[in-house]
Colleague: 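Before I ask anything, let me first share the structure, which is written out below as structure tokens.
Residue numbers run from 1 in the order of the sequence given.
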Amino acid sequence: MISAARIPVFALALAAALPLPRPLAAQGVLVAPHAVFIDHQSRSGSILLYNPNTEPAEVTVSTTYGYPVTDSAGRMLLNVVDAPDSTAPSAAGWVQAFPRRVTVGPLERQTIRLLATPPAGLPDGEYWARLVIAARGGSVPVEGVPDSTAIQVGLTLEVRTVIALLYRKGAVETGVRLSNLRAAVSGDSLEVRGRLERRGNAAFVGSVWGTLVDAAGRSRAEFTAPLAVYYDLEPRFTAPVERLEPGRYWLRLRVAPEREDLSPKVLLPAPPVSDSVEVTVP
């Protein structure tokens with residue numbers, strides 16, 4: 001597979017990973033749901049666009065293939081693959097949006113239908129794509145231009161929202177294995193790393209919870225984050241922590257197929273996993 005780009009997930013709406021970004025001033029549309037799940041029986045789905053701005057937005061919907069990865073620092077990135085090979089579980093080539101281009105008026109909504117036409121003899125399993133919703137709207141004034149004429153200078157922005165699409169056929173199952181958990185307190189932050197290995201033939205979609213407790217069992221720092229494990233990851237999590245006295249603490253971590261932003265009906269069941277590690281504050 002040829003990687004076209006690795007994009008920080010904070011710049012995107014990663015489905016099954018992160019909440020949607022807020023629209024920019026005079027630009028952008030909101031997209032719902034956060035992720036699309038299509039089964040082989042219906043072979044169809046939809047997304048809803050909403051333009052919260054005072055000017056119309058020109059929207060284009062396209063598909064690509066990509067999945068979350070982590071770099072050496074544990075940052076989550078979206079690995080976008082322009083030309084996935086025949087072994088990749090890609091649905092990008094056979095999922096289409098109708099309409100593909102549309103103008104959404106101010107404060108209006110537009111439904112986009114999604115139709116899957118998988119190849120004959122598609123093996124059972126889960127197949128992935130990313131929906132790219134590109135919105136162009138009003139211009140943003142450019143400051144610092146000499147006002148010697150009546151010409152107004154502005155930039156037309158394009159905002160892209162990227163969400164996940166998962167297509168399921170036949171028997172699909174998932175799970176996750178947690179290993180190599182480590183944690184340390186650095187200044188006013190708790191830093192946590194761990195290896196997550198996917199099990200089964202489908203992505204693991206869920207959340208992670210972490211709690212740092214002292215010798216008395218009192219919580220001293222907590223964090224929670226949405227999680228999507230398509231391939232093995234080693235993410236980094238952080239949480240603010242108040243000044244701690246020197247001593248021994250414990251970091252408790254739990255990973256489970258639970259999400260506040262997704263219906264339990266679309267989440268595949270999997271046993272939760274947990275682990276703990278000692279944290280020493282010198």
Side-chain angles (χ1 to χ4, degrees), residues 9 12-24 27-53 55-68 78 80 84 89-120 122 124-137 158-170 172 174 202-206 226 228 230 257-268:
V9 297
L12 304 172
L14 272 194
L18 293 177
L20 294 174
R22 297 177 61 185
L24 299 178
Q27 182 59 36
V29 298
L30 299 180
V31 184
H34 290 187
V36 177
F37 298 82
I38 297 178
D39 63 71
H40 191 63
Q41 300 300 319
S42 67
R43 305 191 186 189
S44 63
S46 66
I47 57 174
L48 179 65
L49 311 179
Y50 173 65
N51 179 10
N53 303 298
E55 297 187 27
E58 299 177 3
V59 180
T60 302
V61 182
S62 60
T63 60
T64 189
Y65 177 64
Y67 48 86
L78 178 63
V80 178
S90 174
W94 38 268
V95 172
Q96 294 179 297
F98 298 95
R100 191 171 67 87
R101 296 178 183 273
V102 66
T103 297
V104 184
L107 305 180
E108 289 186 355
R109 291 172 170 80
Q110 172 72 46
T111 297
I112 304 295
R113 305 294 179 184
L114 304 169
L115 177 64
T117 54
L122 184 73
D124 287 0
E126 187 177 77
Y127 299 83
W128 312 324
R130 297 279 156 172
L131 295 176
V132 182
I133 299 95
R136 293 167 61 92
E158 180 178 280
V159 176
R160 293 190 175 188
T161 300
V162 182
I163 67 174
L165 183 147
L166 298 92
Y167 183 94
R168 294 168 177 168
K169 180 191 176 188
V172 290
T174 192
F204 175 88
V205 180
Y230 288 64
E258 304 170 13
R259 286 282 289 270
E260 293 185 355
D261 59 333
L262 296 174
S263 168
K265 296 179 180 179
V266 301
L267 298 178
L268 296 177

Colleague: Check Val95 against Thr63 and note the closest heavy-atom contact, atom names and distance.
Modeller: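 Looks like O-CG2, 3.6 Å.
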Colleague: For the OH atom of Tyr167 and the CD atom of Glu126, what is their distance to the nearest 0.5 Å?
Modeller: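 Going from the OH atom of Tyr167 to the CD atom of Glu126 covers 12.0 Å.
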Colleague: Evaluate the side-chain proximity of Asn51 to Leu49: yes if any heavy-atom separation is below 4.5 Å, no if none is.
Modeller: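 No. Closest side-chain heavy atoms not under 4.5 Å.
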Colleague: Counting only pairs under 3.5 Å, give me each side-chain donor-acceptor contact of residues 104-117, with atom names and distances, residues two or more places apart or in other chains.
Modeller:
{"unit_1": "Glu108", "atom_1": "OE1", "unit_2": "Gly105", "atom_2": "N", "d": "3.2"}

Colleague: Given Pro226, which of Glu260, His34, Arg259 fulfils the side chain to side chain contact (heavy atoms under 4.5 Å, CB included) condition?
Modeller: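 Testing Pro226 for a side chain to side chain contact (heavy atoms under 4.5 Å, CB included) against Glu260, His34, Arg259 leaves exactly one candidate, Arg259.
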Colleague: With side-chain contact (heavy atoms from CB on, under 4.5 Å) as the test, would you mind laying out the steps for Ile38 and Leu166 before giving the verdict?
Modeller: CA-CA 6 Å; Ile38 297 178; Leu166 298 92; over 6 Å; no
Colleague: Quick one: closest heavy-atom pair of Pro257 and Leu267, and the distance?
Modeller: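 Scanning both residues, the minimum pair turns out to be O-CD1, 3.5 Å.
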Colleague: What closest approach, in Å, do Tyr65 and Trp128 show between heavy atoms, and which atom pair accounts for it?
Modeller: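 Reported closest heavy-atom pair: CD1-O, 3.5 Å.
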Colleague: Measure across Pro56 and Thr103 and return the closest heavy-atom pair with its distance rounded to 0.1 Å.
Modeller: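 Scanning both residues completely, I find the closest heavy atoms to be CB-CG2, 3.9 Å.
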Colleague: Check whether Tyr127 forms a cation-pi arrangement with Arg43 (NZ or CZ under 6.0 Å from the six-membered ring centre, at most 45° off the ring normal).
Modeller: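 Ring-cation test returns no.
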Colleague: Can you give me the closest heavy-atom contact between Leu268 and Ala202, atom names plus distance?
Modeller: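 Closest approach of Leu268 to Ala202, heavy atoms only: CD1-CB, 3.5 Å.
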Colleague: Measure the CZ-CD distance between Arg136 and Glu158 for me, rounded to the nearest 0.5 Å.
Modeller: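 So the CZ of Arg136 and the CD of Glu158 are separated by 5.5 Å.
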Colleague: Do Arg101 and Thr60 meet the criterion of a side-chain donor-acceptor pair at a distance under 3.5 Å?
Modeller: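 Yes - a donor-acceptor pair under 3.5 Å links their side chains.
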Colleague: Without swapping roles, check the side chain of Lys169 against the backbone of Asp39 for a donor-acceptor pair under 3.5 Å.
Modeller: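 No; zero donor-acceptor contacts below 3.5 Å.
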Colleague: Could you check Val61 against Val132 for side-chain contact (heavy atoms from CB on, under 4.5 Å), going step by step and ending with a plain yes or no?
Modeller: CA-CA 6 Å; Val61 182; Val132 182; over 6 Å; no
Colleague: For Ala91 versus Ala129, what's the shortest heavy-atom pair and its separation?
Modeller: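 Between these two residues, the closest heavy atoms are C-CB, 4.0 Å.
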